[in-house]
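See below for the structure under consideration.
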Protein chains: 2
Amino acid sequence: MSWRKEQRRAERGYHHGNLKEALLQAALGLIAEKGAAGFTFADAARMAGVSAAAPYRHFRDRDELLSSIAQRGFEQFESRLTAAWDDGRPDTVTAFERVGRAYLAFAREEPAFYNAMFESGLPVDSNPALQAASERAFNVIRAAAERLAALAPPGTPRPPAMMMALHIWSMAHGVASLFSRGDAARRKLPMSPDELLEAEVLIYLRGLGFPTDRRPQAKGAEPPPVPPEASSGSGVPPGGPWGKPK
Amino acid sequence: MSWRKEQRRAERGYHHGNLKEALLQAALGLIAEKGAAGFTFADAARMAGVSAAAPYRHFRDRDELLSSIAQRGFEQFESRLTAAWDDGRPDTVTAFERVGRAYLAFAREEPAFYNAMFESGLPVDSNPALQAASERAFNVIRAAAERLAALAPPGTPRPPAMMMALHIWSMAHGVASLFSRGDAARRKLPMSPDELLEAEVLIYLRGLGFPTDRRPQAKGAEPPPVPPEASSGSGVPPGGPWGKPK
DNA sequence: GGCTCATGTAAAGGTCGTTCACATGAGCTG
DNA sequence: CAGCTCATGTGAACGACCTTTACATGAGCC
């Protein structure tokens, strides 16, 4: 028991050398396992092979570690959303949906980050850096919505991009937290979370009058604002953005 | 200090008489104050004026108390959604939106319940009774979606009611958890959460081809499936389901 | 009146978060 | 290279919490 500890210490010397990073990694693993609520400062220290007091040399308290993780999460989140958006290629609607899927993919593949970011209950405004990182991530969605709004079919009023961005965000977050997380809140679904969100976004965009096929738009040459009544021939599956109706 | 305790005990005798209920109420208050994560079994006991061990006569552990609260929350949730739906009066779309607003109102007015139900991190399937209560609440939305789906404009494929229900749920939950809760995750918004959700649902329904005005429908006499290109004259605010575009 | 058992208490063990005085040693300074 | 300094880690200690255990109380029933 204490033998292990001495062993550990012998291997790495009195000073760890990279404790801050080790703690972040350990915490990330623990949060992925047991959720942000179940994660423990002492456990992270143990996992890094240091005493329970050592972490306080690198983080004011447990919340600051959590907040650091959340911030890092928002940064990775932003970069993944940016990559998914790919500046709107090959066409705005396709890229937009890809952003939605990237949102879900992040929630699924990085449960620890997602948990720290959205479900750990720490106030967004506790840390200015955290707030800024969160804002930057949201701005990717906002910018994409901006581009999309600019494509609004002529003749219809242009939807506010900010509103669209908030709508999309709420859809993605709703699907992610209700249906797309590993441990909790899993319900039996008739379709995958990805399909669910994709259909939701497509229907929403159609409600705004957007053509929801996937053909790349030539600039300034959008298809006419014809409602997709029978959208045969478009990229939308026949029958609409959902599977076969019963 | 110990004087108070004796005083308390003198007032109520050795046996509390209604401890289980008192603990539930105390926990509810504490969760509303500090969130499910910050709520403490010992605190609830203190608040009820009993020793820290007493609660274990009524709940296996802290999680069971939390789970009881979540279950009670789902029951109240169901009853409020049911009332809001009002069996689809005066017309399906209006009633449907009222359900959405009721969802947000519940999240806002009963933060403790909402927290225990959706943000406490307890597994839904831990308690069969909890799971059942959750299912019953969701079924209100599901039934409403069923009715709505039956009104799908003829000529368009009928959307699966289950999918619609999941979509609406995810929207409401997304808006509620991102924007409509007191302490955490509050962002600056160009509109209220209620307006945000209402617009989101209206646009979504329009995307499904539903007429989104509010006139009561005569049975079997739905308006034609005309797309709301310029929806002047309908109950939808001019310019669509959002405020004035800039 | 006396028994029984649900309901309460006190005490104790284990874990955590956090602080404090002290130990260690890496890196600079001369 | 000797010596100093200061960031970094240790161990002990405090109070709070969760949970269990042995014991106390008294309400309801015979």
Side-chain angles (χ1 to χ4, degrees), chain A residues 1-27 30-31 33-69 116 120-122 126, chain B residues 1-24 26-27 30-31 33-69 120-122 126:
Chain A
M1 188 67 90
S2 156
W3 172 85
R4 268 235 157 278
K5 210 188 269 178
E6 300 308 325
Q7 183 74 2
R8 265 283 195 41
R9 189 111 67 91
E11 281 167 9
R12 61 142 235 262
Y14 190 94
H15 287 281
H16 184 289
N18 198 14
L19 184 51
K20 185 161 189 170
E21 192 55 34
L23 286 172
L24 286 167
Q25 291 305 324
L30 289 170
I31 294 175
E33 266 184 60
K34 308 184 290 185
F39 139 77
T40 249
F41 220 29
D43 246 343
R46 244 189 307 275
M47 191 156 303
V50 297
S51 75
Y56 289 86
R57 296 293 175 196
H58 300 274
F59 302 95
R60 197 174 355 82
D61 55 18
R62 186 179 169 283
D63 272 8
E64 192 179 279
L65 203 178
L66 218 54
S67 155
S68 287
I69 290 188
S120 64
L122 48 76
S126 63
Chain B
M1 185 67 91
S2 156
W3 174 85
R4 266 237 156 278
K5 208 188 271 179
E6 300 308 326
Q7 182 74 4
R8 264 274 191 52
R9 188 112 66 93
E11 280 167 12
R12 62 142 234 264
Y14 190 94
H15 287 282
H16 183 289
N18 198 15
L19 184 52
K20 186 161 188 170
E21 192 55 34
L23 286 172
L24 285 168
L30 288 170
I31 294 174
E33 267 184 59
K34 309 183 290 187
F39 139 77
T40 251
F41 219 29
D43 247 342
R46 244 190 305 277
M47 192 156 304
V50 297
S51 76
Y56 290 86
R57 295 293 176 197
H58 300 274
F59 302 96
R60 197 173 356 80
D61 56 16
R62 185 178 169 283
D63 272 7
E64 194 179 277
L65 204 177
L66 218 55
S67 156
S68 287
I69 290 188
S120 64
L122 48 76
S126 64

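Within every chain, numbering begins at 1; the chains are lettered A, B, ... in the order of the sequence lines, protein sequences first and strands thereafter.
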Think R46(A) has a side-chain N or O under 4.0 angstrom from the OP1 or OP2 of dC16(C)?
yes

To the nearest angstrom, the OH-C1' distance between Y56(B) and dA6(C) comes to 19 Å

Here the distance between atom P of dG25(C) and atom CZ of R57(A), to the nearest Å, is 16 Å

Taking the side chain as C-beta and beyond, is there a heavy-atom pair between E21(B) and L24(B) under 4.5 Å?
yes

Closest to the 5' end of DNA chain D, once A52(B) and L19(A) are matched to their nearest nucleotides, is L19(A)

Taking every heavy atom of A27(A) against every heavy atom of I69(A), the minimum-distance pair comes out as CB-CD1, 3.5 Å

Quick one: label G38(A) by what it contacts on the DNA or RNA (base, sugar-phosphate, nothing), any heavy atom closer than 4.0 Å. nothing

Checking dT18(C), dT19(D), dC16(C) against the side chain of D61(A) (C-beta onward), the nearest is dT18(C)

- Task: Remember a base hit wins even if backbone is also touched, and classify F41(A) as base, sugar-phosphate or nothing at under 4.0 Å, heavy atoms.
- Result: sugar-phosphate

From the candidates dT7(C), dT21(D), dT8(D), the one with an atom nearest any side-chain atom of H58(A) is dT8(D)

To the nearest angstrom, the CG-P distance between N18(B) and dG8(C) comes to 10 Å

key: Worked verdict on L30(A) versus M47(A) for side-chain contact (heavy atoms from CB on, under 4.5 Å)   = CA-CA 9 Å; L30(A) 289 170; M47(A) 191 156 303; 3.7 Å; yes

Under 4.5 Å between any side-chain heavy atoms of K20(A) and F59(A), yes or no?
yes

Rounded to whole Å, CZ of F39(A) lies from C1' of dT15(C) at a distance of 15 Å

Taken to the nearest whole Å, CE/M47(A) to P/dC16(C) is 11 Å

_So, OP1 or OP2 of dA16(D): does either fall under 4.0 Å of a side-chain N or O from T40(B)?_
no

note: R62(A), atom CZ; dT19(C), atom P; distance rounded to Å ~ 15 Å

Among the nucleotides dC18(D), dT9(C), dC20(C), whichever has the atom closest to the side chain of A54(B) is dT9(C)

Has D61(A) got a side-chain atom pairing as donor or acceptor with E64(A)'s backbone, closer than 3.5 angstrom? yes

Taken to the nearest whole Å, CG/L30(B) to P/dC17(D) is 11 Å

Quick note, A42(B) side chain, CB onward, closest among dA12(D), dA11(C), dC17(D) is dC17(D)

Against the side chain of S51(B), the closest entry in dA10(C), dT18(C), dC18(D) is dA10(C)

Whole-Å distance, L65(B) CG to dC17(D) P, equals 15 Å

